[in-house]
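Have a look at the structure that comes next, please.
Chain letters run A, B, ... following the sequence lines, proteins first, then strands; residues in each count from 1. As the structure is a prediction and not an experimental result, all values here were calculated from the model.
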2 protein chains.
Amino acid sequence: MTTHSFTQAVPVLTYQRIVEQVETAILSGEIPVGSQLSSERDLMVQFGVSRPTVREALRVLQSMGLIEPKPGTRGGPVVLAPSSETLGRSFRAMIGTASLGLAELVQFRIVLDGSASELAAVLHDDAQLAAMRSAVTRMREAAEGDASDFADADLAFHETVWEASGNQVLRLSGQAVAGALRELVRRDLERGAAGNAVKLDSARIDSGLFEAIERRDSAAAGRIARGAIADRFSSMLTERERLALAAITGA
Amino acid sequence: MTTHSFTQAVPVLTYQRIVEQVETAILSGEIPVGSQLSSERDLMVQFGVSRPTVREALRVLQSMGLIEPKPGTRGGPVVLAPSSETLGRSFRAMIGTASLGLAELVQFRIVLDGSASELAAVLHDDAQLAAMRSAVTRMREAAEGDASDFADADLAFHETVWEASGNQVLRLSGQAVAGALRELVRRDLERGAAGNAVKLDSARIDSGLFEAIERRDSAAAGRIARGAIADRFSSMLTERERLALAAITGA
DNA sequence: CCCCACAAGTGGCCTTACCATGTATCCTAG
DNA sequence: CTAGGATACATGGTAAGGCCACTTGTGGGG
């Protein structure tokens, strides 16, 4: 018996082949951004398939953020400039569908925020520094006032830190995980008296983080950012989970 | 003139509304992973639309990695467990269209691998340790042999580290970014004589990482993992990008 | 008891068709 | 000659109906 390695004989879906052809053509630059493909009716003769099949392929490409429909004469799908939107959606989908424990999200957030703060300390510019300063000020002002104002300022501060890190991936994944966490702890923040103390604490810590970034102290910025999140959520974790956190907070 | 804030009057595409409904139902956990939706023919009466419209919506959900078609009696779209595949595709798409720099991806990988290694050092169990040991051994054996064997062992090693970190988000994100990077450096690894040296280096480094994890030295594991990736890709980065890397490698 | 053939249901794909809308052209009024 | 608008055409969005290959479940025969 000759052992010959055969290749899989799975049927290749026709709409998928259209997606692949167009996708590689776009990613390789063969089809430049801003140009437009033939209309659905033209594509259906070019590929030799029916219109619904062409449309399914175009929908997939559209959901990948590669094209956008454009009606009218001289219309046709236009090739889009790549956007970070789909990447963020992928993160959200992954976090949303993965049945995640709070500890995993907290760990991930610590990792992201810590690194982003380290990078921001080295790479920030004046405008970003000003934005951070204003956000910290707003946090302090809102610490005893409306919870949503405070949350907005808090979010704006971290948003700027992510931006100052100069890394889109950090920013997008940070947004995704922060959003998921916010959902989980909403009740925790709103329950009465303890709220103000927590907010004052957060304001003080973020203030310290800001100063570390301002003096470009990368190590301190990372340490503060990591510790802040660990403290913020430690009361909601088990002993074992707190122990694991120690490994990445560097404390 | 009364300034009343009107809401956008853009027509909402029907297939898009189906996508949104199903998406939120899945992401909120209302439809559990592993279960299956009604068949296309049932969905088309539930939503009161035609089958092509249902199919377009299902294609989009499929391209997001949320569902998978399943033919046959008692069939219907099944809700998938989260995968790193779509996230990796988003990375590759953004790299391909040059809206994401290699440096950002490398930074992200350093952050993820470093933290995963720190966690793995603290949290690993015996089975995972054995798997890592075997992978490292296979790497050494394949260092002078087939490139794909080596890559497989290398991948298996890091896979186990991610798993040992006990954090699904880290694992999925790590897989995604590693997959995207692997695509980019494939040529780099295969080009002739330098290949073996690179592979021997990698094997030696991973071996050191393994030992650090084995003796539960979290700090060392993180340092080695970060340095390994920084070294591996430093030749593909600019001077300024290498400088930013220093902020997160802790070197 | 096991195995296999058959029936039913599913996704994949096609054909045809209609509608609302966006674009371009041309024709008219100034 | 120009500016404006009405008209015709092409585009995407959606619907209805139908065929095929394949997967699955089940019941009948060994």
Would you kindly check whether a donor in the side chain of A/Arg41 faces an acceptor in the base of D/dG12, or vice versa, at under 3.5 angstrom?
yes
Which whole-number value in Å describes the distance from A/Leu43 CG to C/dC14 P?
14 Å
Between A/Ser90 and B/Ser90, a side-chain donor and acceptor under 3.5 Å
yes
Base C/dG9 paired with B/Ser39 side chain (donor-acceptor, <3.5 Å):
no
For B/Leu172 and A/Ala98, which heavy atoms make the closest approach, and how far apart are they?
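Reported closest heavy-atom pair: CD1-CB, 4.5 Å.
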Please pick, from D/dA15, D/dG12, C/dG12, the nucleotide with the shortest atom-to-atom distance to any side-chain atom of B/Val49.
D/dA15
Side-chain N,O (B/Arg55) to OP1/OP2 (C/dG12) below 4.0 Å
yes
Is it the case that C/dC13 (base atoms only) and A/Thr53 (side chain only) share a donor and an acceptor within less than 3.5 Å, ignoring hydrogens and angles?
no
Side-chain atoms of A/Thr73 come closest, of D/dA15, C/dG22, D/dT11, to C/dG22
A/Ser50 side chain: which of C/dG22, C/dT15, C/dG12 is closest?
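Comparing C/dG22, C/dT15, C/dG12 against the side chain of A/Ser50, the answer is C/dT15.
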Is the CZ atom of B/Arg74 crowded by more than 12 outside heavy atoms at less than 6.0 Å?
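Atom CZ in B/Arg74 is not crowded, with 12 or fewer foreign heavy atoms closer than 6.0 Å.
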Which part of the nucleic acid, if any, lies within reach of B/Leu58 when heavy atoms closer than 4.0 Å are counted: base, sugar-phosphate only, or nothing?
nothing
What is the distance, rounded to the nearest whole Å, between atom CD of A/Gln16 and atom C1' of C/dG12?
13 Å
When rounded to whole Å, the CG to C1' distance for the pair B/Leu61 and C/dG11 reads 16 Å
With respect to the side chain of A/Lys70, which nucleotide from C/dT23, D/dG12, D/dA15 is positioned closest?
C/dT23
Separation of C/dC14 C1' from A/Glu40 CD (nearest whole Å)
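To the nearest whole Å, that distance equals 15 Å.
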Over how many whole Å does the gap from B/Arg74 atom CZ to C/dA8 atom P extend?
13 Å
For the pair made of CD in B/Glu56 and P in D/dG12, what is the distance, rounded to whole Å?
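Value for this atom pair: 12 Å.
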Using a 4.0 Å heavy-atom cut-off, does A/Pro11 contact any base of the nucleic acid, only the sugar-phosphate backbone, or nothing at all?
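Since no nucleic acid heavy atom lies under 4.0 Å of A/Pro11, the category is nothing.
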Is the CG atom of B/Asp125 crowded by more than 12 outside heavy atoms at less than 6.0 Å?
yes
5' priority, DNA chain D, between A/Gly72 and B/Leu13 [closest heavy atom]:
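The answer here is A/Gly72.
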What's the CD-C1' distance between B/Glu68 and C/dT10, to the nearest Å?
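Checked: the CD to C1' distance equals 14 Å.
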State which of C/dG12, C/dT10, D/dT14 makes the closest approach to the side chain of B/Pro71.
C/dT10
Taking atom C1' of C/dA17 as reference, at what distance in whole Å does atom CZ of A/Arg51 sit?
10 Å
Can a donor-acceptor pair be found between the side chains of B/Thr14 and B/Thr53 at a distance below 3.5 Å?
no
